[in-house]
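Protein chains get the first letters and strands the later ones, always in sequence-line order, with residue 1 at the start of each. Only a predicted model underlies this, so the values are computations on that prediction, with no experimental measurement involved.
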Amino acid sequence: MTHRKSLSLNWRRIPERYQLLGNECATCGAVFFPPRALCSKCRRKGTLEDKKLGGLGEVFTFTAVRSPPEGFEHQIPYVLAIVKLKEGPFITGMVTDVEPQEVSIGMPVRSVFRRISEDGKHGVINYAFKFVRA
Amino acid sequence: MFGIVGWGAYVPQFRIRVDEIARVWGREPREITDGLGVSEKAVANYDEDTATISVEAARNALRRGQVNSKKIAAVFVGSESHPYVIKPTAATVVEAIGASPYLTAGDLEFACKAGTAGMQACLGMAKSGMVEYGMTIGTDTAQGRPGDALEYTAASGGAAFIVGAKPAAEIIDTCSYTTDTPDFWRREGAEYPSHGGRFTGEPAYFKHVVECTKQLLSKTGTSVKDIDQVIFHMPNAKFPSRAAKLLGIPPEKMERGLVVKSIGNTYSGSSLLGLARVLDQAKPGETILVTSFGSGAGSDSFLLKTTKEIAGLAERAPTTQSYIDRKKYLDYAVYAKIRRKIKHE
């Protein structure tokens, strides 16, 4: 059985999706997620080092998805939020184990490990962080 | 001295009441709840499976034991609901907890006792010096055929244990008892397990749990009076209570670990979640007896003694009870949808 979606596309992002692995500029202290190849402030003067983010933050803004893309039909309505992490970066992720009306701007959240999507019945299962109420 | 250095539990937040399942299948709710001693069971969300539950439990164990994940040199995940038939859940856990790739890992299957088989493997590896720390996890998102007796209790949850030196609970000894007993099985490709009805009792659960426990007591020269807390595998609340009676163990020594009443039978997670709850509340110097049971059939028994290292550990990560208390109820229709019991194709 052949798979339909790119294996390497998801595989390449396993460290950031499984462990919230971002990076930090040793020169200016700026934290990036997803990890960047170059510090946006220091440019070539910056030195980037891996940084595991703690997963704690708050909802900066959110929306409830009711017209989902393919593969997410059984999860509607689900909440997609921009979360401001304690370390600084803004990060987009799903908020799970909640109904949309339970979510509010400023709500403290923490990251958990969940299934995101699967490539049909025979393909791989993709896992990543989501957020729950802290 | 080797034993449990850190432990972590995870139970999904959704619950379905046993009387709601009975209502759908036209059974008298009181007959079912009284017969099982279970009032509700934990249900994994649509985006949860054995891998996600294992990762949450593993992260709690690392936090509680304050162990650097790079020092874990063996990871075993015991389950009968691994998301893949081929592709290890353990590899996903390894990557998600940020362990070093220079380790050994594998998925184990022995019905409900694979997690305790992993504990024995980790103990052997730690004691022999092969690894500094080993991690074993028992997790399931148990499947019961709609309308079958198992559906009332088949639940989701798991617990992880880090085994190494300077333990919070020393594993004084362990032993096993294994026979070929066809009490419960699932063939390759079958969606739901089958079972032998009443045959799951005397020749399966009771024989293995009682014989294995007796063997451990005799091997260690321990009497029931010396033990403070006892955990047996919990397919329901009645079986472990009856096994305790057969062994002369008073009910009050079972109470702390009897998590099945409010979360159901978490299969590979069952006895280990009971142990996690007992450890959460344990003080130094407590003697604990655990006997798991896996259909097919076998039991693993462990004699543990908590040490001074256990003081203050419980609060470093969410306790088992905090997960038991955190809950949202589902009706049968939504439960059937999120557990993928409704077929779309």
Can you find a heavy atom in the side chain of T92(B) that is under 4.5 Å from one in the side chain of Y18(A)? yes

Does atom NZ of K71(B) have more than 12 heavy-atom neighbours, drawn from other residues, nucleotides or ligands, at distances under 6.0 Å? no

Measure distances from E56(B) to the heavy atoms of chain A and classify the residue's part below 4.5 Å as side chain, backbone, both or neither. side chain

Is it the case that atom NZ in K327(B) sees more than 12 heavy atoms from other parts of the structure closer than 6.0 Å? yes

Region of I14(A) in contact with chain B, defined by heavy-atom distances below 4.5 Å: side chain

Check the surroundings of atom CH2 in W11(A): do more than 12 heavy atoms from other residues, nucleotides or ligands lie under 6.0 Å from it? no

Where do G123(A) and Y84(B) come nearest, in terms of heavy atoms and distance? O-CE2, 4.4 Å

Closer than 4.0 angstrom, basic N to acidic O: yes or no for R340(B) and E118(A)? yes

First locate atom CZ of R326(B), then atom CZ of R133(A), and finally report the distance between them rounded to the nearest 0.5 Å. 10.5 Å

Could you grab the distance from atom NZ of K52(A) to atom OG of S69(B), nearest 0.5 Å is fine? 4.5 Å

Steps toward side-chain contact (heavy atoms from CB on, under 4.5 Å) verdict (D49(B), Y127(A)): CA-CA 10 Å; D49(B) 62 19; Y127(A) 296 92; 2.6 Å; yes

Interatomic distance, K87(B) atom NZ to I125(A) atom CD1 [nearest 0.5 angstrom]: 8.0 Å

Find the distance between CD (E95(B)) and CZ (F113(A)) and round it off to the nearest 0.5 Å. 9.0 Å

Judged by atom type as modelled, is there a donor-acceptor pair below 3.5 Å linking the side chain of K328(B) to the main-chain atoms of D97(A)? yes

At a 4.5 Å cut-off on heavy atoms, which part of I97(B) comes close to chain A: side chain, backbone, both, or neither? backbone

Neighbour count >12 (heavy atoms, 6.0 Å) for atom CZ, F60(A): no

Go through the steps for Y46(B) and R115(A) under the test side-chain contact (heavy atoms from CB on, under 4.5 Å), then give the verdict. CA-CA 8 Å; Y46(B) 189 81; R115(A) 271 167 103 116; over 6 Å; no

Would R114(A) and D47(B) count as a salt bridge (Lys or Arg N to Asp or Glu O under 4.0 Å) here? Give the steps. CA-CA 6 Å; R114(A) 294 292 172 103; D47(B) 59 1; 2.9 Å; yes

